There are 2 protein chains.
Amino acid sequence: MTKRAISIATVAAEAGVGVGTVSRVLNGSDQVSEATLKRVLSTIERLDYRPLRSASSLSKGRTDAVGILVSVITRPSVMARLVGVIDVLSDAGLDAVVFNVENRAQLDRHLSSIIDQRRVDGIISISLRIPKERIARIRKLSIPLVLVDNSLPNLPCVYIDDVEGGKMATEHLLSLGHRRIGFIGDNARSDLGMSASENRYAGYLMALEAAGIEPDFDLVARGPHSSEAAAVLASALFELRKRRPTAIFASSDTLAVGVIKAAQQHRHKIPDDLAVIGFDNLEVSSILDISTVNQPLLESGIKGASKMVSLLNGEIAKPHREQLVLDVVPRGSSLGIQGNIPTKLYGVVEGPHGLQILQGGEELVS
Amino acid sequence: MTKRAISIATVAAEAGVGVGTVSRVLNGSDQVSEATLKRVLSTIERLDYRPLRSASSLSKGRTDAVGILVSVITRPSVMARLVGVIDVLSDAGLDAVVFNVENRAQLDRHLSSIIDQRRVDGIISISLRIPKERIARIRKLSIPLVLVDNSLPNLPCVYIDDVEGGKMATEHLLSLGHRRIGFIGDNARSDLGMSASENRYAGYLMALEAAGIEPDFDLVARGPHSSEAAAVLASALFELRKRRPTAIFASSDTLAVGVIKAAQQHRHKIPDDLAVIGFDNLEVSSILDISTVNQPLLESGIKGASKMVSLLNGEIAKPHREQLVLDVVPRGSSLGIQGNIPTKLYGVVEGPHGLQILQGGEELVS
DNA sequence: GTGAAAGCGCTAACAC
DNA sequence: GTGTTAGCGCTTTCAC
């Protein structure tokens, strides 16, 4: 219809007011009389006018967008954090610009473009270590930076104590009487600073030492972060025969799934022949009845993003640095109590075409 | 240091040229002499200048960002598509602005802000049906729109034939001699237009009919999209005793996991007492040896985003509408052949501190 | 309260 | 080739 898109000027003209007034209305200023407010509002409505983001960004000097750097986004734990972040930002009216980082080159490239083009007002880093020199630069430009699942002095962050978590997991197995405890973890990814697995390994060693057990590096294995790889590694450990571990601490639930699968194929009974504990408390560990260390994944994203929102509002992030609590969730894979499916949460009813569980409560409300 | 941020004018002044020239350099115009190019470039370098996104956006009339509407982002299948989309956009220098949609209200809200504030140049919708009136509006504003895992006439999209997929899965079970085949799927989410599960159900019915089998609605159950819910529903089906299904088609692998868990708890041997097939071919189905229908998830994201890139370049999306192929992946949960862990892909070596699978090939290269 | 006008930092059309 | 200038659409003084 109209060749030229309608702008604030159009609205001002139509409403018979100045552009300043329209702008005030748009930004919810109280410096506008009841009457003009109404008139402008109805004109906006009638013309179906919406302000252009980039114009107001330029003028205001901010983008109302936050950049999110995510390490290997496909990992369920990372995903859960991301969801928390996105939801909070969304509610705050901020755009979530997501960057997937799978290697150091990508990290550098994305950081450059984000920082230098000032396309976002703030940066949230998930499970990623930002290189020192970048941090310095970000600081100099005074761009808010929040770390989720990572911690650095003087920087707002939400994190857990992976060392402690690894210790807790190992102590759980020790408390069950195990002495030959294996560890299966991720390859070190120093390029991305994903140190969770190695930190949990450190906790594993500490727990062993505290129990007076000499660590046996033949029981330690690392590989890519996949169930398949973990299964292969577990199988390799089983080859030790008599010297094989009676329990395995897998540094994540994804790995634990592979370990359990491998045990089944080798006809090792869980947990009698092999006890297993994972880490993260993913949905899969609950359904497969895998003992694990629970960490608040979604919450970490929510808290991290909340800090960002505060910072962008010129406030100070309340708890500047926040450590979330961990707790061991003992299940069948170590205790041997066959965990039942939590039917209590669900009410099965007769639906129009078969049985049905209606959503609500724990689930989405449609 | 400098109170005023450095702008293109600063650079121009410092380099002793006009802003136009600097702009040309920035945008890689060939209308610049070798000498000036060098001078401007070095000035930019020296001043550490980077153009401001929002300013160029306003001027150019585009944002170089793409909005991605994602239905219930946590679902692994959705995630995989999203990763494909983000990676392609990233490579094309486009920002990926992600919106998580969990209900109709959110869908409306996000669509409004995206469309009306023109904060993005294009929209990619993943596993989501955009309401008719919105489509009309998007069309009128001539904002490129690409559908991933969804299809609508006259719109560029990447999709699969879920009905056919459901048929294939059911036929697989029929070919194994099963006659009492159950179906476990998602609750209909007409608000978000997530019709995959219902379409697969339609295929299930078609396959039964083609085999001359009267559908038994007692063998059909629906619930929230979680393993737990599926386990509860499967347990309910087992209560039918003699009339219980000998095979179950779960409309996704996530549900299939729950079904298998429930079967194990009821001491039903897989696949002798109960055969199971899922859908999606997620990693979990491979490790748990679950038969499934493979669909190219990552690829759907890649292809969808590629179409968007084409559209934004003023080209026409090559295959306007693209249907991806499905194929049944028979595994132990229906065939009963104990699938082995694919060790061939991995080489276990002695690492510095225990065994190790080095990454590469199928895995990330660090 | 409200209008007018001066930017925000960049691009692009136009002169030279 | 290169400089100049007029916008892009909004926000924000600053008068009135």
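Keep in mind that what you see is a predicted model, and the values were worked out from it rather than measured. Chain letters run A, B, ... following the sequence lines, proteins first, then strands; residues in each count from 1. Hydrogens, waters and symmetry mates are skipped; everything else that's a heavy atom, side chains included, is used.
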Subject >> Interface with DNA chain D, restricted to residues 32-47 of chain A and to heavy atoms under 4.0 Å >> reply: none
Original post:
Restricting to pairs with a member in residues 107-129 of chain A, which pass ring-ring contact (aromatic ring centres under 6.0 Å, His included), not counting sequence neighbours?
Top reply: A/Phe99-A/His110
Original post:
Taking only residues at least two apart or on different chains, which pairs with a member in residues 32-89 of chain B satisfy ring-ring contact (aromatic ring centres under 6.0 Å, His included)?
Top reply: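 Output for this query is empty, none listed.
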**OP:** Using a 4.5 Å cut-off on heavy atoms from C-beta on, say whether the side chain of A/Pro131 contacts that of A/Arg104.
**Re:** yes
Original post:
Are side-chain heavy atoms of B/Asp87 and B/Ile302 found at a separation under 4.5 Å?
Top reply: no
Subject >> Between B/Ser33 and B/Thr36: side-chain donor-acceptor atoms closer than 3.5 Å >> reply: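 The criterion, which ignores hydrogens and geometry beyond distance, is satisfied for B/Thr36 and B/Ser33.
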Original post:
Any luck finding a side-chain donor-acceptor pair between A/Ser151 and A/Arg321 under 3.5 Å?
Top reply: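 Result is yes, a qualifying pair exists.
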Integer-rounded Å distance: [N] [atom2] and [X] [atom1]:
X        : N      : atom1 : atom2 : result
B/Gln117 : D/dG9  : CD    : P     : 15 Å
B/Gln31  : C/dC16 : CD    : C1'   : 15 Å
A/Arg53  : D/dC10 : CZ    : P     : 13 Å
A/Asp64  : C/dC8  : CG    : C1'   : 15 Å
A/Arg118 : C/dG9  : CZ    : C1'   : 9 Å
B/Ile8   : C/dC8  : CD1   : P     : 14 Å

Subject >> Test item: A/Lys318 side-chain N/O and A/Ser310 main-chain N/O as donor-acceptor pair under 3.5 Å >> reply: no
What's touching nucleotides 12-16 of chain D from the protein side, N or O pairs under 3.5 Å?
none

Original post:
Pick the nucleotide of DNA chain D nearest each of A/Ser56 and B/Gly16; which residue has the one closer to the 5' end?
Top reply: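 Of the two residues, B/Gly16 wins.
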Original post:
Touch check for B/Leu58, heavy atoms < 4.0 angstrom, all strands: base, sugar-phosphate only, or nothing?
Top reply: base
**OP:** Name all residues meeting the salt bridge (charged side-chain N to carboxylate O under 4.0 Å, His left out) criterion together with A/Arg75; count only those two or more places apart in sequence or in a different chain, and write none if there are none.
**Re:** A/Asp186
**OP:** For residues 135-149 of chain A, pull every pair meeting side chain to side chain donor-acceptor pair (under 3.5 Å), keeping only residues two or more places apart or in separate chains.
**Re:** A/Arg81-A/Asp149, A/Asp116-A/Arg137, A/Ser127-A/Asp149, A/Arg137-B/Asp48
